[in-house]
Protein chains: 2
Amino acid sequence: MLKPDVIHLHNMNTTVIPDALKVACSNCNLRELCMPVGFNQDDMNKLDEVVATRRRVKQGSLLFSNGDPFSSLYAIRTGFFKTSVSAEDGREQVTGFQMAGEIIGLDGIVSEHHSCNAVALEDSDVCVMPFAKVEDLSREFPVLQRHVHKIMSREIVRENSVMMLLGNMRAEERLAAFLLNLVQRLHARGFSQSELVLRMTREEIGSYLGMKLETVSRTFSKFSEEGIIEVKQRYVRIITPDALKKIFNPQTCS
Amino acid sequence: MLKPDVIHLHNMNTTVIPDALKVACSNCNLRELCMPVGFNQDDMNKLDEVVATRRRVKQGSLLFSNGDPFSSLYAIRTGFFKTSVSAEDGREQVTGFQMAGEIIGLDGIVSEHHSCNAVALEDSDVCVMPFAKVEDLSREFPVLQRHVHKIMSREIVRENSVMMLLGNMRAEERLAAFLLNLVQRLHARGFSQSELVLRMTREEIGSYLGMKLETVSRTFSKFSEEGIIEVKQRYVRIITPDALKKIFNPQTCS
DNA sequence: CGCGCTTTTGAGACGTGTCAAACTGGGTGG
DNA sequence: CCACCCAGTTTGACACGTCTCAAAAGCGCG
């Protein structure tokens, strides 16, 4: 009953969700996160067309990968992803971690092929938004058009600050910034602003922050010894947020 | 005769160019670089509306800076820019170098304010494209809409590879990649693929590549001693491009 | 319950940063 | 027109942070 005619895409870990299970944007509780505001009900109903299907992605499996033809953007409904690029010699760079309400796949627009990999770090559920449809509706609804532009601009600005992290900051500053960013985003989604469970390994954190997994671990331990955080494997509790902010930004936080 | 009623904006180094000097996109020789292809003449004439004005930016002066209200994108007609972000404590990270035909200002869309600084590294000339007009015409011309999306996506992809550089590569690899990227872009604009004159200082290169100016200088010297390049201050000649490619990517290039 | 992946911790190596000094070249003013 | 000045560059010696290699411990999954 729950899986009547599930169509298999790409691999066994990614399945299309049948119509009966589809949830419209108009009453999705993530709406304010991934959809523009200022629509009346009629508009919203038309906008629901953007989301053609939903797709489940099992932990550890790929939503898309480098070289895949680009067709859609993906809005994360539930779950957690990492995106990464890889050099020809196999070195991998994590370019971001994405959670519910965030959009992935923008990298594919320019060349019609994805240039990065998106891996689910936990069982996830995404809304598939065919980009052709996004563009069609963007022409009809200026507020959607503006929304799409803002999402792309936000990604550019985010990457600018990652460049600042990677180019100018030391290990402690990077990890402090990383933790603060993560809890801030989780808090915006209704989670605690002091506790979190990391969905990624030390190695993935290190790849994102441009440091080795051992250095990530050591820096966690250092913060822990200083009483700034409590760490137990993937679980992290931020005891003194101000201390973290001070490490991240020595200037402002007194 | 050449400056009848020049209006001063922002500061004395940035001037609006009078109508008489305006050059339409339709016969701009950079068209294939910053405008979409596949337009008929009528469309092109309408598209010329995008470029409201042009603006001169003197070497060393700002086109826009962090916090400025966002209103327009800028297409570089002539000249050379750097963009950078700065932390509260004053540390600066160069986020890119832009040359003729490239678009800057995308960072401002998301918050209606610019989040980075754009400085001319030589006397430059940009086309001012009010973003509201870009959006209006994008709704009318799908090919322009697609073009705008591709420009933003391209920037995201570029920043992904900078993250790879900063996160995973050593000084020599970074500088090799930087030089190869620069000559490749210059060559696409009709310049030599082996000679170039750097428009930026060692410090600015270092900021972009996440290394100190002394390390940049030493790495230049090392390449020079190895006979890979010839360096004389800002002038660089690439003697053995393959050696550079091999440094950048140990794997592929035999 | 045990295997394997992840994490932690240690010791030493190495690359890049830091500080300092000398050199170069272009621009400016006498 | 030359000398000076200064920003930018080069080079050296040393310090320091992070990486590398290694081993042990912790935890989750089958």
Side-chain angles (χ1 to χ4, degrees), chain A residues 13 58-61 82 91-94 119 121-123 165-179 196-226 229-237 247 250, chain B residues 58-60 80 82 91-94 119 121-123 165-179 196-226 229-236 247 250:
Chain A
N13 294 320
K58 277 232 179 77
Q59 180 172 35
S61 66
K82 71 166 180 185
R91 280 181 289 189
E92 192 154 331
Q93 172 71 34
V94 171
V119 178
L121 296 184
E122 60 183 38
D123 288 356
L165 261 188
L166 294 173
N168 270 303
M169 300 195 169
R170 289 170 313 107
E172 295 172 35
E173 300 177 282
R174 296 182 198 191
L175 192 63
F178 171 74
L179 287 174
L196 68 156
V197 175
L198 300 169
R199 308 263 89 118
M200 69 295 279
T201 66
R202 299 289 187 263
E203 186 168 19
E204 287 162 337
I205 296 172
S207 174
Y208 183 57
L209 299 179
M211 46 207 255
K212 295 292 152 184
L213 68 93
E214 295 95 330
T215 307
V216 174
S217 179
R218 272 185 247 274
T219 310
F220 269 124
S221 300
K222 184 161 185 292
F223 287 172
S224 182
E225 285 161 20
E226 292 169 342
I229 62 175
E230 182 192 334
V231 193
K232 202 174 178 186
Q233 304 279 122
R234 301 283 178 105
Y235 168 84
V236 177
R237 185 166 66 89
I247 290 169
Chain B
K58 276 233 178 79
Q59 179 172 38
F80 203 92
K82 71 166 178 185
R91 281 182 288 190
E92 193 154 331
Q93 171 70 37
V94 170
V119 178
L121 296 184
E122 61 182 36
D123 288 355
L165 260 188
L166 294 173
N168 271 303
M169 301 198 166
R170 290 170 313 107
E172 295 171 35
E173 299 176 283
R174 296 182 196 192
L175 192 62
F178 171 73
L179 288 173
L196 68 156
V197 175
L198 300 169
R199 306 259 96 112
M200 69 295 279
T201 66
R202 300 289 187 263
E203 185 168 21
E204 286 162 338
I205 296 172
S207 173
Y208 182 58
L209 298 178
M211 44 207 259
K212 294 292 153 183
L213 69 94
E214 296 94 329
T215 308
V216 175
S217 180
R218 271 186 249 274
T219 310
F220 269 125
S221 299
K222 184 162 184 293
F223 287 172
S224 182
E225 284 160 20
E226 290 169 345
I229 62 175
E230 182 191 336
V231 193
K232 202 176 179 184
Q233 305 278 123
R234 301 284 178 103
Y235 168 86
V236 177
I247 290 170

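Quick note on labels: first sequence line is chain A, next is B, and so on, each numbered from 1.
Across all strands shown, A:Ser217 has heavy atoms under 4.0 Å from base atoms, whether or not it also approaches the sugar-phosphate. In this structure, A:Gly210 reaches the sugar-phosphate backbone alone: every heavy-atom distance under 4.0 Å involves primed, P, OP1 or OP2 atoms, never a base.
Looking only at side-chain heavy atoms (C-beta outward), B:Val94 and B:Met200 stay at 4.5 Å or farther from each other. A heavy-atom distance below 4.5 Å is not found between the side chains of B:Tyr208 and B:Val216.
In this entry the distance linking CG of B:Leu213 with P of C:dT18 reads 10 Å, nearest Å. Across the protein-nucleic acid pair, B:Glu214 atom CD and D:dC14 atom P stand 17 Å apart, rounded to whole Å. Atoms CG (A:Asn168) and P (C:dG17) sit 10 Å apart, rounded to a whole Å. Here D:dC19 presents its P atom at 13 Å from CZ of A:Arg170, a figure rounded to the nearest Å. Between B:Met211 atom CE and D:dG17 atom C1' there is a gap of 17 Å when expressed in whole angstrom units. Atom pair B:Lys222:NZ and D:dT10:C1' shows a separation of 17 Å (rounding to whole Å applied). Following rounding to the nearest Å, A:Glu173 (CD) and D:dG17 (P) show an atom-to-atom distance of 12 Å. The distance from atom NZ of A:Lys212 to atom P of C:dT6 is 16 Å, rounded to the nearest whole Å.
Within the 4.0 Å cut-off from OP1 or OP2 of C:dT8, at least one side-chain nitrogen or oxygen of A:Arg202 is found. Between D:dT9 and B:Arg234, a contact under 4.0 Å exists linking OP1 or OP2 to a side-chain N or O. Taking 4.0 angstrom as the limit, B:Thr215 places a side-chain polar atom (N or O) nearer than this to OP1 or OP2 of C:dG17.
The nearest heavy atom of DNA chain C to A:Arg218 and to A:Gln233 marks one nucleotide each, and the one closer to the 5' end goes with A:Gln233.
Between the OG1 atom in B:Thr215 and the CZ atom in B:Arg174 there is a gap of 10.0 Å [rounded to 0.5 Å].
Nearest heavy atoms, B:Glu92 versus B:Lys82: OE2-NZ, 4.2 Å.
At distances below 3.5 Å, at least one donor-acceptor pair connects side-chain atoms of B:Arg202 with backbone N or O atoms of B:Gln233.
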